[in-house]
Amino acid sequence: MSVMNILSTQKQELAALIQSALEQLVAQGELQVADLPEITLEIPKDKAHGDFASNIALVLAKPAGMKPRDLAEKIAALLSTQEMIEKIEVAGPGFINFFLTKQWLYDVLDVIETQQLNYGASNYGNGEKLLLEFVSANPVGPMNVVNARAAAIGDTLANLLKAVGYDVATEYYVNDAGVQTEIFARSLLARYRQLEDPSYPFPEDGYPGEYVADLAKRLKAEAADFDQMDEAEQLEYCRTWGIDQMVESQKQDLQKFNVEFDRWFREQDLHKANKLEEIIQLLTERGYMYEAEGALWFRSSDFGDDKDRVIIKNDGTYTYVTADIAYHYDKLKRGFTKLIDILGPDHHGYIARMKAAVQALGYPEDALEILILQYVALLRDGKQVKMSKRAGEFITLQDLLDEVGRDAARYFFVMRSLDSHLDFDLTLAAEQSNENPVYYIQYAHARICSILAQAEQQNIPVKSIEAVDCKLLNHELEIDLIKKLAELPDEILTAAVERAPHRIASYALELAGLFHSFYTHCHVLGEQDALRDARLVLVNCVRIVLQRVLRLMGISAPERM
RNA sequence: GCGCCUGUAGCUCAGGGGAUAGAGCAUCGGACUUCUAAUCCGAGUGCCGCAGGUUCGAAUCCUGCCAGGCGCGCCA
């Protein structure tokens with residue numbers, strides 16, 4: 001069954017009707033084809049083309065040796081008496097356009113009222129255990145804007161995957177072993193020494209950022225016995241304590257960004273538990289390892305990688321790939337059958353080698369899916385913000401939160417597809433004006449809350465859908481609004497399955513737009529009681545759905561603005 | 001040289017086999033004694049990078065080319 005046909009019962013019913021009409025034509029000998037294709041229905045862009053449209057006659061025309069319009073007419077004739085169909089038209093080259101009776105729309109309101117903030121959920125994922133890893137920024141520096149984009153997108157995607165029935169866990173992999181942590185330790189120790197002796201040399205390859213000096217000051221204040229240690233102990237202390245501090249501050253920044261992980265996985269834990277040795281042994285047993293040029297290699301080219309990868313360097317140490325393979329093996333051993341990693345654009349070369357590793361370990365290739373996020377360019381006043389890591393000049397997640405705020409930042413990161421290089425306009429994002437789409441959406445929510453609050457003040461209850469006359473909701477703008485509400489389940493499913501969280505951002509904007517239009521042209525309070533009550537139900541459903549999509553994106557839904 | 005991503009309205013981007021290609025911003029003109037004007041209504045805008053191919057039908061799929069971004073380490 002195709003993705004598009006899973007959720008909406010109206011679509012399913014209609015597809016079933018078309019199916020039986022086709023079967024009837026075949027039985028009557030009017031349609032001669034080997035087998036019938038899957039029925040797909042789309043919601044036409046143009047309202048004049050009905051509630052749903054089918055291209056089935058176009059698809060079948062050739063195999064059946066018929067003119068598409070003739071076939072369409074035959075199908076339409078068989079369906080026109082159906083109860084749920086108000087009108088049926090054959091249009092264009094042979095499309096069949098279905099106009100349904102309004103009842104299916106009013107049923108949507110009923111579903112929303114029942115399901116509340118669960119509206120749009122489904123069981124597509126069937127409870128499959130899925131692990132989503134994202135951000136995993138290096139713990140030796142502050143998080144940058146690509147990390148921030150990954151955080152916003154990963155968190156939204158996690159919410160979407162949960163909504164469609166996956167058993168989702170999120171994880172942040174902390175690279176707390178390896179060369180860069182040693183450089184970090186030396187940088188921190190040098191800054192510490194410089195507190196006493198400003199001429200103390202800073203390592204040439206050290207990390208220049210201000211944050212290292214800040215850490216050194218805290219080290220001075222907090223670690224009383226530090227000066228009693230010998231240099232090796234000091235370096236080790238700088239490494240473990242310093243990394244812990246960095247991880248802690250990353251956690252806090254992400255928390256402010258409304259992103260929390262189920263687990264922060266430490267690379268060190270793999271080393272301590274000899275997981276790297278274990279993986280090497282396993283791959284050796286399976287025959288994918290060989291020695292050459294004084295190093296140990298993984299034959300990843302057996303699985304389509306460009307070349308084989310070094311696992312143990314000729315100096316006896318491991319490469320990062322070794323730990324990464326061990327990490328992914330650990331994930332799989334924990335029972336996750338679907339692994340998704342969100343990585344930055346500089347890691348695309350990594351896909352082939354990790355997929356090779358997963359296969360070499362005996363798991364299917366698609367057990368691992370790697371999503372590559374494209375770059376973020378920051379603009380301020382229309383000009384690109386230049387950043388230099390060397391000079392310690394860069395915009396961090398923290399800076400971003402200070403400058404534009406959490407809601408705007410999250411929306412801007414989520415609103416573009418992963419593949420798209422993102423131009424993030426700081427000036428626009430920080431602006432609390434009509435140019436800013438976040439506020440446009442939130443404002444719609446706030447307006448509804450205001451209506452509901454005033455209704456409450458006037459002792460007008462929001463009645464249950466069964467207690468109001470839905471048929472009064474027949475204004476064109478009301479119908480448009482309800483149709484948009486009806487699209488949410490498909491929209492959530494598509495966004496989750498296609499890994500396209502930006503679709504939710506667009507949906508939210510469209511729904512808000514339809515509401516604002518409705519708000520201007522249709523009043524709620526002050527209308528005759530029956531209409532007022534029906535509109536209160538509608539407006540309340542819009543509020544629920546707006547809150548639902550904002551929550552999926554990790555954005556707040558303010559009641560007043 | 002090889003790989004990944006991108007090329008659609010003045011700008012930022014949707015649409016990823018279907019009907020006349022969309023939105024926001026920008027530009028111009030209207031709408032507040034009535035539930036929040038952070039809003040609404042109206043107006044113009046396109047060789048969908050180029051060239052072939054597949055198809056009843058291509059912005060969409062395939063091939064080649066052009067342009068931009070990013071990678072291609074016994075760094076992570």
Side-chain angles (χ1 to χ4, degrees), chain A residues 40 42 44-46 48-49 53-55 58-59 61-62 67-68 91-95 97 136 138 140 175 177-181 183 267 292-297 306-307 309-321 323-324 344-352 372-375 377 379 382 412 415-425 428 431-444 446-455 457-458 498 500 502-503 505-506 509-510 512-513 515-527 532 535-536 539 560-561:
Chain A
T40 57
E42 61 161 29
K45 282 176 279 190
D46 188 339
H49 296 145
S54 171
N55 65 349
L58 292 160
V59 175
K62 193 166 193 187
K67 286 183 182 167
F95 289 101
N97 295 336
S136 298
N138 222 305
V140 299
N175 264 278
V179 192
Q180 84 278 359
T181 62
I183 298 170
E267 182 185 347
E293 301 163 51
L296 187 67
W297 297 71
D306 301 351
K307 52 187 172 190
R309 304 292 163 179
V310 171
I311 291 296
I312 302 180
K313 300 183 235 175
N314 60 18
D315 67 0
T317 60
Y318 301 110
T319 63
Y320 73 94
V321 179
D324 283 353
D346 47 338
H347 285 75
H348 82 262
Y350 178 96
I351 299 174
I372 296 292
L373 206 52
Q374 294 302 319
Y375 265 115
L379 305 177
F412 274 66
M415 75 180 175
R416 301 293 177 224
S417 78
L418 313 210
D419 289 340
S420 169
H421 304 231
L422 174 67
D423 277 354
F424 192 120
D425 189 331
L428 173 59
E431 212 167 298
Q432 302 203 359
S433 76
N434 59 346
E435 293 176 35
N436 195 327
V438 200
Y439 299 113
Y440 183 84
I441 299 163
Q442 290 181 322
Y443 186 51
R447 276 181 145 178
I448 297 172
C449 290
S450 175
I451 295 173
L452 295 175
Q454 283 173 62
Q457 263 181 7
Q458 297 167 34
E498 313 255 303
H502 72 279
R503 296 183 67 113
S506 304
L509 198 61
E510 286 161 16
F515 172 75
H516 283 307
S517 196
F518 161 84
Y519 182 91
T520 308
H521 296 100
C522 304
H523 272 235
V524 178
L525 304 176
E527 294 291 342
R532 177 200 66 198
R535 283 187 172 163
L536 275 172
V539 152
R560 259 185 292 277
M561 287 175 73

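Note that the coordinates shown come from a computational prediction; the quantities given were computed from them, not determined experimentally. Every chain is numbered from 1 and lettered A, B, ... according to where its sequence line falls, protein lines coming before strand lines.
Comparing the same atom, P, in B:C61 and in B:G18 gives a spacing of 10 Å after rounding to whole Å. Taking atom P in both B:A43 and B:G22, one finds a spacing of 14 Å when rounded to whole Å. Across the P atoms, B:G10 and B:U6 are found 22 Å apart, a figure rounded to whole Å. With C1' as the reference atom, B:U8 and B:A67 are 15 Å apart, rounded to whole Å. Of the C1' atoms belonging to B:G7 and B:A76, the separation is 31 Å, rounded to the nearest Å. Atom name C1', nucleotides B:U60 and B:G17: the rounded distance is 6 Å, in whole Å. Annotation: B:G16 and B:A59 have their P atoms spaced 14 Å apart (nearest Å). On the P atoms, B:G42 is 11 Å away from B:A23, given to the nearest whole Å.
Not one side-chain nitrogen or oxygen of A:Q458 sits closer than 4.0 Å to the OP1 or OP2 atom of B:C35. Using a 4.0 Å cut-off, some side-chain N or O of A:R447 falls inside it from OP1 or OP2 of B:A37. One finds no side-chain N or O of A:K307 lying less than 4.0 angstrom from the OP1 or OP2 phosphate oxygen of B:C72. Listed pair A:S417 / B:C13 fails the phosphate criterion, with no side-chain N or O lying under 4.0 Å from OP1 or OP2. Phosphate contact (OP1/OP2 of B:U20, side-chain N/O of A:H49, threshold under 4.0 Å): absent. When the side-chain nitrogen and oxygen atoms of A:S420 are compared with OP1 and OP2 of B:A14, one or more of them lie within a distance under 4.0 Å. Distances shorter than 4.0 Å separate some side-chain N or O of A:K45 from OP1 or OP2 on B:A19.
Among the heavy atoms of the strands lying under 4.0 Å from A:R560 is at least one base atom, whether or not backbone atoms are also near. Using a 4.0 Å heavy-atom criterion, one finds that A:I372 contacts no nucleic acid atom at all. Nucleic acid contact for A:N175: sugar-phosphate only, since backbone atoms but no base atoms lie under 4.0 Å from a heavy atom of the residue. Contact annotation for A:S450: base contact, defined as any heavy-atom pair under 4.0 Å involving a base atom. Across all strands, A:C449 comes closer than 4.0 Å to no nucleic acid atom at all (heavy-atom distances). Contacts of A:A295 with the nucleic acid, taken as non-hydrogen atoms under 4.0 Å apart, include base atoms. At the heavy-atom level, A:A91 lies under 4.0 Å from base atoms of the strands shown. Note on A:A53: a base of the nucleic acid sits closer than 4.0 angstrom, heavy atoms only. Note on A:K67: nothing from the nucleic acid sits closer than 4.0 angstrom, heavy atoms only. Across all strands shown, A:E293 has heavy atoms under 4.0 Å from base atoms, whether or not it also approaches the sugar-phosphate. As judged by a 4.0 angstrom heavy-atom cut-off over every strand, A:A453 is placed among residues making no nucleic acid contact. At the heavy-atom level, A:D315 lies nowhere under 4.0 Å from the strands shown.
Of the two residues near RNA chain B, A:N138 and A:P68, the one whose nearest nucleotide lies more 5' is A:P68. Heavy-atom nearest nucleotides on RNA chain B were determined for A:G349 and for A:N97, and the one closer to the 5' end corresponds to A:N97.
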* Apply the test side-chain contact (heavy atoms from CB on, under 4.5 Å) to residues A:F412 and A:V438: give CA-CA distance (whole Å), side-chain angles for both, the deciding distance (0.1 Å), then the verdict. => CA-CA 8 Å; A:F412 274 66; A:V438 200; 4.1 Å; yes
* Apply side-chain contact (heavy atoms from CB on, under 4.5 Å) to A:D423 and A:H421, showing your working. => CA-CA 7 Å; A:D423 277 354; A:H421 304 231; 5.9 Å; no
* Going through the distances and angles, do A:L418 and A:I372 end up as a side-chain contact (heavy atoms from CB on, under 4.5 Å)? -> CA-CA 7 Å; A:L418 313 210; A:I372 296 292; over 6 Å; no
* Going through the distances and angles, do A:V310 and A:V321 end up as a side-chain contact (heavy atoms from CB on, under 4.5 Å)? -> CA-CA 8 Å; A:V310 171; A:V321 179; over 6 Å; no
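Summarising the base pairing, B:U39 is matched to B:A31 through a Watson-Crick or G-U wobble pair whose two defining distances lie under 3.5 Å. The partner of B:G16 is absent, by the rule that a Watson-Crick or G-U pair needs both atom distances under 3.5 Å. Judged by Watson-Crick or G-U wobble contacts below 3.5 Å, the nucleotide B:C75 has no partner.
Among B:G3, B:C70, B:U20, the nucleotide with an atom closest to any side-chain atom of A:H348 is B:G3. The side chain of A:P44 approaches B:A19 more closely than any other nucleotide in the set B:A19, B:U12, B:C40. When each of B:C35, B:C74, B:A14 is scored by its nearest atom to the side-chain atoms of A:R416, the top-ranked nucleotide is B:A14. The listed nucleotides are B:A76, B:U36, B:G69; the one nearest the side chain of A:Q454 is B:U36. Checked against B:U39, B:G71, B:C35, the side chain of A:T520 finds its nearest nucleotide in B:U39.
Using cut-offs of 30° and 60° on the angle between ring planes, the pair A:H347 and A:Y350 is perpendicular.
With hydrogens and angles left out, the side chain of A:Y320 and the base of B:A76 share a donor-acceptor pair within 3.5 Å. The base of B:G18 lies close enough to the side chain of A:N55 for a donor and an acceptor atom to sit less than 3.5 Å apart.
The aromatic ring of A:H516 does not sit over the base of B:C40, since the test of centres under 5.5 Å and planes under 30° is not met. A:H421 does not qualify as a stacking partner of the B:G69 base, lacking a centre-to-centre distance under 5.5 Å together with planes within 30°. Ring-base stacking between A:Y440 and B:A38 is not satisfied when judged by a centre separation under 5.5 Å and a plane angle under 30°.
For the pair A:F515 CZ and B:U39 P, the computed distance is 13 Å after rounding to whole Å. Between A:H347 atom NE2 and B:C75 atom C1' there is a gap of 10 Å when expressed in whole angstrom units. Summarising the geometry, the separation between CZ on A:F412 and P on B:A14 is reported as 14 Å, rounded to the nearest angstrom. The OH atom of A:Y350 sits 22 Å away from the P atom of B:G3 (whole-angstrom rounding). A:E42 places its CD atom 11 Å from the C1' atom of B:G17, with the value rounded to the nearest Å. Atom-to-atom, NE2 of A:H523 to P of B:U39 comes out at 17 Å; the value is rounded to the nearest Å. Rounded to whole angstrom, the span from the CG atom of A:N436 across to the P atom of B:A26 amounts to 12 Å. For A:Y375 and B:G71, the OH to C1' distance is 8 Å, given to the nearest whole Å.
For the pair A:A53 and A:P44, the tightest heavy-atom approach, listed with the atom from each and the gap, is CB-CG, 3.8 Å. The heavy-atom pair separating A:I441 from A:A505 by the smallest distance is CD1-O, 4.5 Å.
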